[in-house]
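All remarks here apply to the structure that follows.
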Amino acid sequence: MLRLLAFHAQDARIKLYLLIIGHDQKLPEGAELEKIASGSLLKSDACLVVYPLGEPWRTRLFVSRSIHNQISTEFLSETIQACLNESLQTSNEHDQLRRYTIHLSTRLFWVQKALVTDHADKTDKGQSLAEFSSQSKTPAVTGTTSLTTVLIWISGSLLLLGLAGITCRHFFNHLQLRRRRRVWMLSEPETVPRLGGAFTGGGGGMVRYA
């Protein structure tokens, strides 16, 4: 991460600042982000990422007005959404941070090509930062927490399917066993006396299907 940020700081026009907070933390109301990095965010084209570790969908992206005034809101919103989608390719919180930062760094190189060279010099230094967030407070694919929920749901479904399969198998085995043990008894026919005799013998039979 340090090598990546050092490379970006050396070659990129848009400076990238990364503020990592805990998953159970958030920025306090009225936080003066403009004072971060000794006010560098307002002195040049810059981007500040407030990244809650393990919850990339809560990431907040701040850009200087010189960028916001030249780049469409749709593109910036799509950029942060693309970074979120990239980070959600893994469930490891540190890999999420690495993927998010690498993708954002690449996107910022694209953005700087569209900036007017001297626009930053004409921008009012006292202006505040413009913020972009990942769509809403609840992500479409909710990161580590939702990924875990999805995995649990899939595992539960597979478990239920497995139990249903085992139950059906036992049921059919039971039916087959009952069929094998069933004895079919045929009724013995009444023999009609022949030649007028009182008893001429009789016969019967039994068939068993094994």
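Atom set for the values below is all heavy atoms of this structure, side chains included, hydrogens, waters and symmetry mates excluded.
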Pairwise distance SG(C47) to CD1(I67) - rounded to 0.5 angstrom: 6.5 Å
Euclidean distance, R107 CZ relative to L76 CG, rounded to 0.5 Å: 10.5 Å
Looking at every non-hydrogen atom in both residues, tell me the closest pair between G54 and E93 and how far apart they are. CA-CB, 3.7 Å
What residues, two or more places apart in sequence or in another chain, satisfy side chain to side chain donor-acceptor pair (under 3.5 Å) together with T101? none
Applying ring pair (Phe, Tyr, Trp, His ring centres under 6.0 Å), name anything that partners H103, two or more places apart in sequence or on another chain. none
Indicate, with yes or no, if V49 and F7 share a hydrophobic cluster defined by side-chain heavy-atom contacts under 4.5 Å among Ile, Leu, Val, Met, Phe, Trp and Tyr. no
Give every residue pair that meets the ring pair (Phe, Tyr, Trp, His ring centres under 6.0 Å) criterion with at least one member in residues 12-49, sequence neighbours excluded. none
From CZ (R60) to OH (Y51), nearest 0.5 Å: 15.5 Å
Candidate pair L97 and L18, rule side-chain contact (heavy atoms from CB on, under 4.5 Å), full reasoning: CA-CA 10 Å; L97 172 61; L18 185 63; 4.0 Å; yes
Side chains of I71 and T79, heavy atoms from C-beta outward: is any pair under 4.5 Å? no
From R58 CZ over to Q25 CD, what is the distance, rounded to the nearest 0.5 angstrom? 9.0 Å
Tell me who clusters with I102, hydrophobic residues only, linked when side chains sit under 4.5 Å apart either directly or through other members. L4
What's the separation between atom CG in L61 and atom CD1 in I80, rounded to the nearest 0.5 Å? 4.5 Å
Considering residues at least two apart in sequence or located in another chain, which fulfil the side chain to side chain donor-acceptor pair (under 3.5 Å) criterion with Q112? none
Note: K26-E55 ion pair, threshold 4.0 Å (strictly below): no
For residues L53 and H94, determine if any side-chain heavy atom of one lies less than 4.5 Å from a side-chain heavy atom of the other. yes
Could you tell me whether the side chain of L84 reaches within less than 4.5 Å of the side chain of T59, counting heavy atoms only? no
For residues 156-169, dump all side-chain donor-acceptor pairs below 3.5 Å to protein atoms at least two apart in sequence or in another chain.
residue: S157; atom: OG; partner: W153; partner atom: O; Å: 2.9
residue: T167; atom: OG1; partner: L163; partner atom: O; Å: 2.8

Would you name the heavy atoms of T90 and N92 that are closest together and state the gap between them? OG1-N, 3.2 Å
Can you name the nearest heavy-atom pair linking H8 to F109, along with the distance? ND1-CE1, 3.8 Å
Atom of S87, atom of Q96 and distance for their closest heavy-atom approach: O-CG, 3.2 Å
Nearest-0.5 Å distance, CZ of residue R99 to CG of residue L88: 10.0 Å
Test log, rule side-chain contact (heavy atoms from CB on, under 4.5 Å), inputs D45 and V111: CA-CA 11 Å; D45 297 324; V111 171; over 6 Å; no
